[in-house]
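Computed from a predicted structure; not experimentally measured.
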Amino acid sequence: MPTIPHYDVIIVGAGPVGLLLSCELRLAHCSVLVLEQASDPHSPLKQAPFGIRGLNIPSLEALQRRGLLDAVTAPSHSAPSASRPHWMQQARQPGGHFAGMPFFQDQIDTARWPYRLPSPASESMPTTMERLESVLAQRAAELGVEVRRGVRVTDVVQSPDGVQVQAGDAQLQSRWLVGCDGGRSPVRKAAGFEFAGTEPEFSGYSVEAELENSAALTPGRHYTATGMYTFQPPGTIAMVDFDGGAFHGSSPITAEHVQTVLRRVSGTDTRIQSLRIATTWTDRARQATRYRKGRVLLAGDAAHIHSPLGGQGLNLGIGDAMNLGWKLAATLRGDAPEGLLDSYTAERHPVGAQVLDWSRAQVALMRPSPATRALAHIVRALVDTRDGATYFADRVWGATLRYDLGDPHPLVGRSAPDFALTDGSTLASHLQTGCGLLLDFDNTAALRGLAMRWTDRLRYIASSASDELGLKSLLIRPDGIVAWVGDGVAPYQHISQAIQRWFGPAQ
Ligand SMILES: Cc1cc2nc3c(=O)[nH]c(=O)nc-3n(C[C@H](O)[C@H](O)[C@H](O)COP(=O)(O)OP(=O)(O)OC[C@H]3O[C@@H](n4cnc5c(N)ncnc54)[C@H](O)[C@@H]3O)c2cc1C
């Protein structure tokens, strides 16, 4: 007798990606269980300074569109300034960095991003993992997501109808399963996903320690003949040791080992008296060749890993969750148009591949050879120009990220501008329910009538806006991506086809 799935979706991993995805699915009324191996969601590594994460524009927009932005980035909850990384504490306001080379806000020419309107999500902002996870966990609880902590998933077996999950002693059933279980993803391994990429060149260290003779270390970032280190008094150190990634994961981190590496990399005789916090990472860069295998999907670090340089991994995972949630929900409801779920891989895989290359390019500029240092000097000069700063801000902030949806209009495939509507609201506030939107600046009877045929999936808004960017109407997906733009002359059936392409057949 066939077993009956208990949940629409089981998500493995209650990190930021798993929690956000669970909220997206619950918004669409799916039943969701999240399984998390850690009993305690708190960790010193999730707090400042090591838990600080830079959120890029697409991530901030995602949080804004779900009404969570203020809670995640409120000043009292984001990183206290004293514990922010050294590069964030400069006299000029930095916008981010590339291989440690900062670019500055005063050089960024945002006028080159014509489809961006003023918004609270208009530039990168910091938060901590602790804050982000606690806001998402609270939201998930409010929406009715069931989260079970202290439960480790060890196996996943799928059939044509569902997925069976071994979680501790329990066997659980669901119709779909999403592995949001981090870089070592047991789900990815159990389901047999191919994970292709490149091996590491270094072991990275993040350490908070009691130091003796710390005066020998100069605060800030330093490239040396053997690697790179940053020092923030009194005892916060990050190091990159070009050992081919040999140390990472090979043995426990001891004060003696950190001291040996610090002396080799910094060339000083600073002594480590004791370690308060220590963790390692590498620049291994791998990506699942596809994000879906039957009824099992991957999102976040489970789908792609790379060095934390430039801070993109979390942003990539937030983008995965926003892209996947509504597509999986439509598939579960049964109204997903042909190919919708597979557009998740088609849209997100190229974005992930770009980020992996972005992180590899930074490693190439950090190698401790004279030739690399010479090249880095040239790149630094380019970063420090208006063109350079604008280019790097665009890439690091994700300002003009665009999916290729096959429509040549430059706005289609991009995040919808945050139009200021005449009633004082902005577009973002109308996306909180997770529905798609048909925004009609001209209040046309034809569009209103058309939208009526999809009212369960699509909201129609007729309003003018203070700056309409020369447009007449827009079709916006639940993830905030523009799916179609009306210029007032496109035939009526074009918009109808676009709605069917993304939202399926009419009711
Ligand atoms: C030092 C450092 C700095 C970084 N800085 C930035 C930054 O500035 N910006 C940025 O965008 N990214 C940054 N990142 C990357 C970012 O932290 C990760 O990409 C992000 O945390 C990934 O989220 P996730 O939810 O996919 O995975 P995780 O946060 O790893 O969560 C996975 C969860 O799955 C659980 N799990 C694993 N296995 C199982 C199992 N078998 N059963 C049940 N549960 C399981 C884990 O316990 C964990 O809670 C940085 C990373 C590091 C190390």
Legend entry - Geometric cation-pi criterion Arg188 and Phe195, 6.0 Å radius, 45° cone: yes

Inset, instruction - Looking only at non-hydrogen atoms, find the nearest pair between Val17 and Ile318 and report the distance. - result: CG2-N, 4.2 Å

Inset, instruction - Starting from the C-alpha separation in whole Å, work towards a yes-or-no answer on side-chain contact (heavy atoms from CB on, under 4.5 Å) for Tyr344 and Leu298. - result: CA-CA 10 Å; Tyr344 168 57; Leu298 301 176; 5.7 Å; no

Inset, instruction - Taking the side chain as every heavy atom from C-beta outward, state whether Leu328 and Leu341 have any pair of such atoms under 4.5 Å apart. - result: yes

Legend entry - Inter- and intrachain pairs under side chain to side chain donor-acceptor pair (under 3.5 Å), touching residues 296-319, at least two apart: Ser59-Asn315, His304-Asp320

Inset, instruction - Please report the closest heavy-atom contact between Pro41 and Lys46, naming both atoms and the distance. - result: O-NZ, 2.8 Å

Inset, instruction - Over all heavy atoms of both residues, which pair between Thr385 and Ala381 is shortest? Give the atoms and the distance, please. - result: CG2-O, 3.4 Å

Legend entry - Value rounded to 0.5 Å, distance of CG in Leu324 from CH2 in Trp176: 9.5 Å

Inset, instruction - Report the distance from atom CG of Leu60 to atom CG of Leu68, rounding to the nearest 0.5 Å. - result: 12.0 Å

Inset, instruction - State whether the side chain of Thr280 and the backbone N or O of His248 hold a donor-acceptor pair below 3.5 Å, judged by distance alone. - result: no

Inset, instruction - List the steps, then state whether side-chain contact (heavy atoms from CB on, under 4.5 Å) holds for Lys327 with Leu297. - result: CA-CA 12 Å; Lys327 294 176 180 175; Leu297 295 124; over 6 Å; no

Legend entry - Expected output: side-chain Arg290 to main-chain Glu194 donor-acceptor under 3.5 Å: no

Inset, instruction - Please identify each residue that fulfils side-chain hydrogen bond (donor to acceptor under 3.5 Å, both in side chains) with Glu199, with sequence neighbours left out. - result: Arg284, Arg286

Inset, instruction - Indicate yes or no: at least one non-hydrogen side-chain atom of Cys435 is less than 4.5 angstrom from one of Arg477. - result: no

Inset, instruction - Compare all side-chain heavy atoms of Gln47 with those of Ile277 and state whether any distance is below 4.5 angstrom. - result: no

Legend entry - Under 3.5 Å donor-acceptor, Arg348 side chain and Leu316 backbone: yes

Legend entry - Which residues share a side chain to side chain contact (heavy atoms under 4.5 Å, CB included) with Asp40, sequence neighbours left out: His42

Legend entry - Test side-chain hydrogen bond (donor to acceptor under 3.5 Å, both in side chains) applied to Arg271 - qualifying residues, sequence neighbours left out: Glu212

Legend entry - Thr372: partners by side-chain hydrogen bond (donor to acceptor under 3.5 Å, both in side chains), with sequence neighbours left out: Ser369

Inset, instruction - Go through the structure and list residues passing side chain to side chain contact (heavy atoms under 4.5 Å, CB included) with Pro120, not counting sequence neighbours. - result: Gln64, Leu69, Asp418

Legend entry - Asp181 side chain to Val187 backbone, donor-acceptor under 3.5 Å: yes

Inset, instruction - Tell me, please, which residues at least two apart from Asp342 pass side-chain hydrogen bond (donor to acceptor under 3.5 Å, both in side chains). - result: Arg292

Legend entry - His222 side chain to Ser266 side chain, donor-acceptor N/O pair below 3.5 angstrom: no

Legend entry - side chain to side chain contact (heavy atoms under 4.5 Å, CB included) partners for Pro16, two or more places apart: Met129, Leu132, Glu133, Leu136, Leu314

Inset, instruction - State which residue, out of Tyr223, Phe247, Phe202, fulfils the ring-ring contact (aromatic ring centres under 6.0 Å, His included) condition with Phe242. - result: Phe202

Inset, instruction - Decide if atom CZ of Arg152 counts as having more than 12 heavy atoms of other residues, nucleotides or ligands within a radius under 6.0 Å. - result: no

Legend entry - side-chain contact (heavy atoms from CB on, under 4.5 Å) evaluation trace for Glu201 with Met366: CA-CA 10 Å; Glu201 295 188 32; Met366 292 174 69; over 6 Å; no

Legend entry - Candidate pair Gln37 and Val12, rule side-chain contact (heavy atoms from CB on, under 4.5 Å), full reasoning: CA-CA 9 Å; Gln37 66 182 359; Val12 184; over 6 Å; no

Inset, instruction - Compare all side-chain heavy atoms of Pro368 with those of Thr226 and state whether any distance is below 4.5 angstrom. - result: no

Legend entry - Main-chain N/O of Asp243 paired to Asp241 side chain as donor or acceptor, under 3.5 Å: no

Inset, instruction - Kindly write out the residues that satisfy side chain to side chain contact (heavy atoms under 4.5 Å, CB included) with Thr260, not counting sequence neighbours, or none if the list is empty. - result: Arg264

Inset, instruction - Considering non-hydrogen atoms only, spot the tightest contact between Tyr403 and Val351 and give its length. - result: CE2-CG2, 3.8 Å

Inset, instruction - Please name the pair of heavy atoms, one in Pro478 and one in Gly434, separated by the smallest distance, quoted to 0.1 Å. - result: CB-O, 3.2 Å

Legend entry - Summary of side chain to side chain donor-acceptor pair (under 3.5 Å) pairs that have at least one residue in residues 110-121, sequence neighbours excluded: Glu61-Arg116, Asp109-Arg112, Arg112-Asp387

Legend entry - Test item: Glu36 side-chain N/O and Ala14 main-chain N/O as donor-acceptor pair under 3.5 Å: yes

Inset, instruction - To the nearest 0.5 Å, tell me how far Ser22 OG sits from Ile10 CD1. - result: 13.0 Å

Inset, instruction - Evaluate whether atom CZ of Arg184 has more than 12 neighbouring non-hydrogen atoms of other residues, nucleotides or ligands under 6.0 angstrom away. - result: no

Inset, instruction - State the CZ-OG1 distance between Arg386 and Thr390, to the nearest 0.5 angstrom. - result: 6.0 Å

Inset, instruction - Check salt bridge (charged side-chain N to carboxylate O under 4.0 Å, His left out) between Glu123 and all other residues, then give those that pass, not counting sequence neighbours. - result: none

Legend entry - Atom pair CG (Asp479) and CD (Glu24), whose distance is rounded to the nearest 0.5 Å: 8.5 Å

Legend entry - Side-chain donor/acceptor of Arg131 to backbone N/O of Ala71, under 3.5 Å: yes

Inset, instruction - Just jot down the salt bridge (charged side-chain N to carboxylate O under 4.0 Å, His left out) partners of Asp404, sequence neighbours excluded, or say none. - result: none

Legend entry - Gap between atom CG of Leu55 and atom OG1 of Thr127 - 0.5 Å precision: 6.0 Å

Inset, instruction - State whether the side chain of Arg26 and the backbone N or O of Leu143 hold a donor-acceptor pair below 3.5 Å, judged by distance alone. - result: yes

Inset, instruction - Using a 4.5 Å cut-off on heavy atoms from C-beta on, say whether the side chain of Arg66 contacts that of Leu27. - result: yes

Inset, instruction - Verify, without hydrogens or angle tests, whether Gln259 (side chain) and Ile272 (backbone) share a donor-acceptor contact under 3.5 angstrom. - result: yes

Inset, instruction - Mark yes or no for whether Arg367, through its side chain, and Gly227, through its backbone, hold a donor-acceptor pair below 3.5 Å. - result: no

Legend entry - Nearest non-hydrogen partners of Gly183 and Ile305, listed with the distance: CA-CG2, 3.5 Å

Inset, instruction - Indicate yes or no: at least one non-hydrogen side-chain atom of Phe231 is less than 4.5 angstrom from one of Leu211. - result: yes

Legend entry - Flag side-chain contact, heavy atom, 4.5 Å: Leu117 against Phe419: yes

Legend entry - Side chains of Gln232 and Thr230 in contact at under 4.5 Å (non-hydrogen atoms): no

